[in-house]
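Only one structure is covered here, and it is reproduced in the block below.
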Amino acid sequence: MSTKFNPETVMEVEGLGKQYQIYDSPRARMKSLLLGTGPQRSHWALKNVSFSLTKGQCLGLVGDNGAGKSTLLKLLTGTLQPSTGKLTRQGRLTAILELGAGFHPDFTGRQNLYFGGSLMGLSAEEIKRLEPSIIEFSELEAAIDRPVKTYSSGMTVRLAFALVTAVEPAILIIDEALAVGDQHFQKKCIERIDQFRESGCTIIFCSHSLYHVRHLCDVSLWLSGGQVQAFGPTEHVLASYETHVRQQDDHGEDPELRAVDAPRPVRTLDQAGLVSIEVEGLTADTPPLLPGPDLVIHVRGRVPDGSQPSFGLMLEQQHGVGITSLATHAEHAQSQVQKLGDGLWGVTLRFPDLPLHSGEYKLSGYLFDSQGLVTLDEWMNAVVFKWVSPSLTPGLVRLPHRWEPSLAG
Ligand SMILES: Nc1ncnc2c1ncn2[C@@H]1O[C@H](COP(=O)(O)OP(=O)(O)OP(=O)(O)O)[C@@H](O)[C@H]1O
């Protein structure tokens, strides 16, 4: 690979690898350093990773726990030095990793803007100019002159995100940190990230939330055991990764057990959450039988601030093969989301003449904000049902089709 031919390339990673030296104890490490002997063992956390990103691309980084994601991000930001390979990048890089870790706990929020800002390479004048907008975005006006050690983790994240994104970088790296903020702040963060992306910033987004990876990223990289398992358009990579996750789930636990009765977090009336997911006409059998021919799903959710939510539903085979995922915001169906009462919203999804073959199916439901930026709630495997198709041919789904005469000759 070479940047020579593509002036749009902002990051090029070639054969990057990281080997950790492993010692049985701190004493063994010290002894080995003093005697100049090698480590007792070593472990490649990352091996031969190569990819390149152009201006304005957004890369999703996915993988199981321990796959090497944090190691890769630390190499990209320069916190760690690689054992092999090289990294070339152009322009300023900002990372939102371990948010707030750079703050001094005894300094006030305001003092930390200058402290943290100088670590990012901003001059005191620049920070002074940016200070009002950073404080406004963080919504910490009332607490900005209190020591950061008195902040909650959510408040620290707000201050850190506001500071780190005050100046748009050429490359922005975002770790799972977004999950720490509350839903209102998460939405603001995702909107700001969206704006950056639209103005040509290159983004690397590492998350276990595949929903957000799908929403934000045009390309994705799946790391497995420190190596690139797949790299390419997000839908292709996530399709393979989700199959892998499902296979792991099926080996790990009985899908019957994690279905309908799994306890859900208890939500109070002032929290947004799903209220019900009901399939019309199900019988009292186990699992209940869908009388058909239509599959009609009523879903309801509560959003206390009165804003209109979006609803999502996912239909899968009982043993994990995904059939379809639909959401009102993505299908321009927000006008169908009706207000049913104070903060209570609902919508109905109908599949006419259900084109599935006989089998057991399950439904999961999602509640999003109206643009689908923030997942307010999700109920996995909320309803399991059995369907007996009138046409008893094997297969998964009856695709629209027609039979035609073969061409003569
Ligand atoms: N300082 C270290 N010394 C030795 N091994 C390490 C060190 N840091 C990480 N590792 C190992 O490197 C591998 C990759 O770890 P890494 O933290 O990069 O994974 P990850 O994909 O970020 O995981 P998670 O999703 O759980 O955060 C793991 O096997 C981990 O145990």
Side-chain angles (χ1 to χ4, degrees), residues 11 13-33 37-51 53 58-87 93-102 153 156-157 160-161 171-181 186 203-214 216-217 219-232 234 237-238 240-249 251-253 375:
M11 176 175 273
V13 170
E14 292 176 81
L16 214 56
K18 179 69 189 173
Q19 186 181 36
Y20 285 114
Q21 315 298 358
I22 299 178
Y23 302 87
D24 286 337
S25 65
R27 175 186 284 202
R29 167 184 270 271
M30 183 62 78
K31 196 169 148 196
S32 136
L33 286 175
T37 55
Q40 288 159 323
R41 276 170 292 126
S42 63
H43 168 65
W44 283 94
L46 208 66
K47 227 173 178 180
N48 200 22
V49 171
S50 301
F51 64 91
L53 291 177
C58 183
L59 172 77
L61 182 58
V62 299
D64 298 343
N65 290 329
K69 303 182 293 296
S70 310
T71 304
L72 176 59
L73 295 185
K74 285 180 191 156
L75 292 172
L76 299 183
T77 55
T79 324
L80 273 181
Q81 288 308 308
S83 312
T84 62
K86 75 170 187 176
L87 162 76
L93 178 143
T94 296
I96 311 179
L97 300 182
E98 300 156 29
L99 271 184
S153 58
T156 316
V157 165
F161 186 91
I171 304 166
L172 176 67
I173 298 186
I174 309 157
D175 200 354
E176 203 62 78
L178 280 187
V180 183
Q186 262 187 38
I203 297 172
I204 299 177
F205 180 63
C206 176
S207 179
H208 287 285
S209 162
L210 300 187
Y211 172 76
H212 284 125
V213 173
R214 273 205 171 87
L216 288 169
C217 306
V219 284
S220 287
L221 189 152
W222 167 18
L223 273 182
S224 174
Q227 304 199 44
V228 178
Q229 186 75 24
F231 174 66
T234 292
V237 174
L238 291 197
S240 316
Y241 180 58
E242 280 172 330
T243 307
H244 155 83
V245 171
R246 282 209 177 90
Q247 279 165 355
Q248 275 188 330
D249 282 353
H251 289 127
E253 47 179 329
T375 312

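First listed ligand is number 1; within each ligand, the first listed atom is number 1. Keep in mind it's a predicted model, so treat the numbers as computed, not measured.
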Give the protein residues with at least one non-hydrogen atom closer than 4.0 Å to an atom of ligand 1, ordered by chain and number.
Y20, H43, A45, D64, N65, G66, A67, G68, K69, S70, T71, H208
On a heavy-atom basis, which atom in Q229 and which in S224 lie closest, and how many Å separate them?
OE1-CB, 3.5 Å
Testing the basics here: between C206 and L73, what is the closest heavy-atom pair and its distance to 0.1 Å?
CB-CD1, 3.7 Å
Are K47 and T84 side-chain neighbours, meaning at least one heavy-atom pair lies under 4.5 Å?
no
side-chain hydrogen bond (donor to acceptor under 3.5 Å, both in side chains) with Q227: which residues, sequence neighbours excluded?
none
Quick one: does any side-chain atom of K69 pair with a main-chain N or O of D64 as donor and acceptor, under 3.5 Å?
yes
Any side-chain heavy-atom pair from W222 and H244 closer than 4.5 angstrom?
yes
